[in-house]
Number of protein chains: 2
Amino acid sequence: MPHDLDRIDRKLLQIVQENARLPAEKIGAAIGLSPSAVQRRLARLRDGGVITAEVAVLDAKAAGFPLTMIVDIEVERERPELLSAFKRWIAREGAIQEAWYVTGDSDFVLVVAARDVEDYDALMQRLVSENPNIRRFRTRVTLGTLKRGATVPLE
Amino acid sequence: MPHDLDRIDRKLLQIVQENARLPAEKIGAAIGLSPSAVQRRLARLRDGGVITAEVAVLDAKAAGFPLTMIVDIEVERERPELLSAFKRWIAREGAIQEAWYVTGDSDFVLVVAARDVEDYDALMQRLVSENPNIRRFRTRVTLGTLKRGATVPLE
DNA sequence: TTTGAAAAGCTTGATAT
DNA sequence: ATATCAAGCTTTTCAAA
């Protein structure tokens, strides 16, 4: 496999997963490498696709999206031709933050950000009206967020 | 208290939500602002807590975590005193990437990254053995990830 | 692979509008 | 609020090991 991460890579990734703005000099001081060695490793990890992006994380509430819903969706499996259209629909909807195809009773799980319940209702009405293969969905409102992110535990 | 984001702030945030490494000069060119005005706004958004972090996003598979599970957990509500211990347990577990407290049949929804099924099984065995208030849980394996992130749609 | 140093580029802070 | 510019940092490049 193309990507063998050594112990230094893992330490490096652990740091930039938390803070991508830390100067290479400080990262190097923390892991015992010169700034240029840190930069070279970062470049390699970016080029190799281990680091896919460096992004700003917003406080959703401060940005005007205080509600998060978790939505289980069941689709009609007899109509696989509609699936890719549904996937494109999901890709287009900015309020859908996460979407997985899953095993089990339902077929998709979505995480949706919303300004208010009306906003969310409108989205779900468009969901069903624009996707004929939606059989049913169930909404769970999040009452609290304990953790949010995609950080991977590199020991 | 609600942060007022003007049109320029929203454009700015839209950009850095995608790419936090873009130089202020390029951001400014895109939204019609000088580099220092961009920096001033970014500083204000960071200080005001609208931007909570700037982080590197990893390819979980490349980093050795090819599996993602979605776990619904039901806890014994008669024992609220065990809840905060459970929350601390979640906070400590690096493989738990996301965790919400939700309405509905189950009480928590977790997103868990795993190296393999044994790894995941071991985590869930520790979950039940170390948290006496876990009544049941249901695992859904993700077969595909359509979208992942916490990006908020500004405008 | 690594370091170290110079060049280039970016950010920050002062000043002025 | 904003832009311009200079000073200070950070990143990048390259030679050498």
Side-chain angles (χ1 to χ4, degrees), chain A residues 1-59 61-64 149-152 154-155, chain B residues 1-59 61-65 149-155:
Chain A
M1 284 310 277
H3 303 114
D4 262 328
L5 305 175
D6 63 18
R7 211 159 80 266
I8 297 173
D9 284 329
R10 291 197 297 272
K11 279 189 192 171
L12 185 48
L13 291 170
Q14 226 175 291
I15 290 169
V16 295
Q17 275 192 121
E18 303 279 329
N19 181 7
R21 281 182 69 72
L22 205 62
E25 188 187 3
K26 294 228 175 83
I27 299 174
I31 67 183
L33 229 52
S34 72
S36 51
V38 170
Q39 294 287 15
R40 199 174 38 69
R41 278 176 185 263
L42 281 173
R44 197 169 52 77
L45 291 164
R46 290 184 186 117
D47 293 347
V50 179
I51 295 175
T52 60
E54 279 142 289
V55 304
V57 180
L58 307 193
D59 180 324
K61 196 177 299 182
T151 306
V152 143
L154 299 166
E155 107 194 34
Chain B
M1 330 211 25
H3 237 95
D4 266 315
L5 304 175
D6 65 18
R7 181 170 215 75
I8 296 172
D9 284 328
R10 290 196 297 271
K11 279 189 191 171
L12 184 49
L13 290 170
Q14 229 175 292
I15 290 170
V16 296
Q17 274 191 121
E18 303 279 330
N19 181 6
R21 283 181 67 72
L22 204 62
E25 187 186 2
K26 294 228 174 82
I27 299 174
I31 66 183
L33 228 52
S34 71
S36 54
V38 170
Q39 295 287 14
R40 215 156 353 87
R41 278 175 185 265
L42 281 173
R44 212 191 65 216
L45 292 164
R46 289 184 188 117
D47 293 349
V50 179
I51 296 175
T52 60
E54 281 144 286
V55 304
V57 180
L58 308 193
D59 180 325
K61 196 177 297 181
F65 288 79
T151 305
V152 143
L154 299 166
E155 96 184 32

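Throughout, a chain's letter reflects where its sequence line sits, starting with A, and its residues are numbered from 1.
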Peer 1: For B:Glu54, check side-chain hydrogen bond (donor to acceptor under 3.5 Å, both in side chains) against everything at least two apart and list the hits.
Peer 2: B:Arg46

Peer 1: Run the side-chain donor-acceptor check on residues 30-39 of chain A: report pairs under 3.5 Å with partners two or more places apart or on a different chain.
Peer 2:
unit_1: A:Ser34; atom_1: OG; unit_2: A:Ser36; atom_2: OG; d: 3.4
unit_1: A:Ser34; atom_1: OG; unit_2: A:Ala37; atom_2: N; d: 3.2

Peer 1: Flag the pair B:Leu154 / A:Leu58 as yes when at least one side-chain heavy-atom distance between them is below 4.5 Å, and no otherwise.
Peer 2: yes

Peer 1: For DNA chain D, find the residues of residues 9-31 of chain A with a heavy-atom distance under 4.0 Å and give them by number; none if there aren't any.
Peer 2: A:Pro23, A:Ala24, A:Glu25

Peer 1: Which salt bridge (Lys or Arg N to Asp or Glu O under 4.0 Å) pairs, counting each pair once, include a residue from residues 9-20 of chain B, with sequence neighbours left out?
Peer 2: B:Asp9-B:Arg41, B:Asp9-B:Arg44

Peer 1: Starting from the C-alpha separation in whole Å, work towards a yes-or-no answer on side-chain contact (heavy atoms from CB on, under 4.5 Å) for B:Ile15 and B:Leu12.
Peer 2: CA-CA 5 Å; B:Ile15 290 170; B:Leu12 184 49; 5.6 Å; no

Peer 1: Any side-chain heavy atom of A:Gln17 sitting closer than 4.5 Å to one from B:Val55?
Peer 2: no

Peer 1: Starting at OG1 of B:Thr52, measure out to CG of B:Leu45 and round the result to the nearest 0.5 Å.
Peer 2: 11.5 Å

Peer 1: Specify the residues of residues 39-53 of chain B, ordered by number, for which at least one heavy atom lies under 4.0 angstrom from an atom of DNA chain D.
Peer 2: B:Arg40, B:Arg41

Peer 1: Could you go through nucleotides 4-7 of chain C and list every protein N or O atom that sits under 3.5 Å from one of its N or O atoms, giving the distance for each pair?
Peer 2:
unit_1: C:dG4; atom_1: N7; unit_2: A:Ser36; atom_2: OG; d: 3.4
unit_1: C:dG4; atom_1: O6; unit_2: A:Ser36; atom_2: OG; d: 3.1

Peer 1: Please name all residues satisfying side-chain contact (heavy atoms from CB on, under 4.5 Å) with B:Val16, sequence neighbours left out, ordered by chain then number.
Peer 2: A:Ala56, B:Leu13, B:Ile27, B:Leu42, B:Ile51

Peer 1: With heavy atoms of chain A within less than 4.0 Å as the criterion, where does contact along DNA chain D begin and end?
Peer 2: D:dT10 to D:dT13

Peer 1: Output all residues satisfying side-chain hydrogen bond (donor to acceptor under 3.5 Å, both in side chains) with A:Gln14, sequence neighbours left out; order by chain, then residue number.
Peer 2: none

Peer 1: Over all heavy atoms of both residues, which pair between B:Lys26 and B:Leu22 is shortest? Give the atoms and the distance, please.
Peer 2: CB-CG, 4.0 Å

Peer 1: Salt bridge (Lys or Arg N to Asp or Glu O under 4.0 Å): which pairs involve residues 31-40 of chain B, sequence neighbours left out?
Peer 2: none

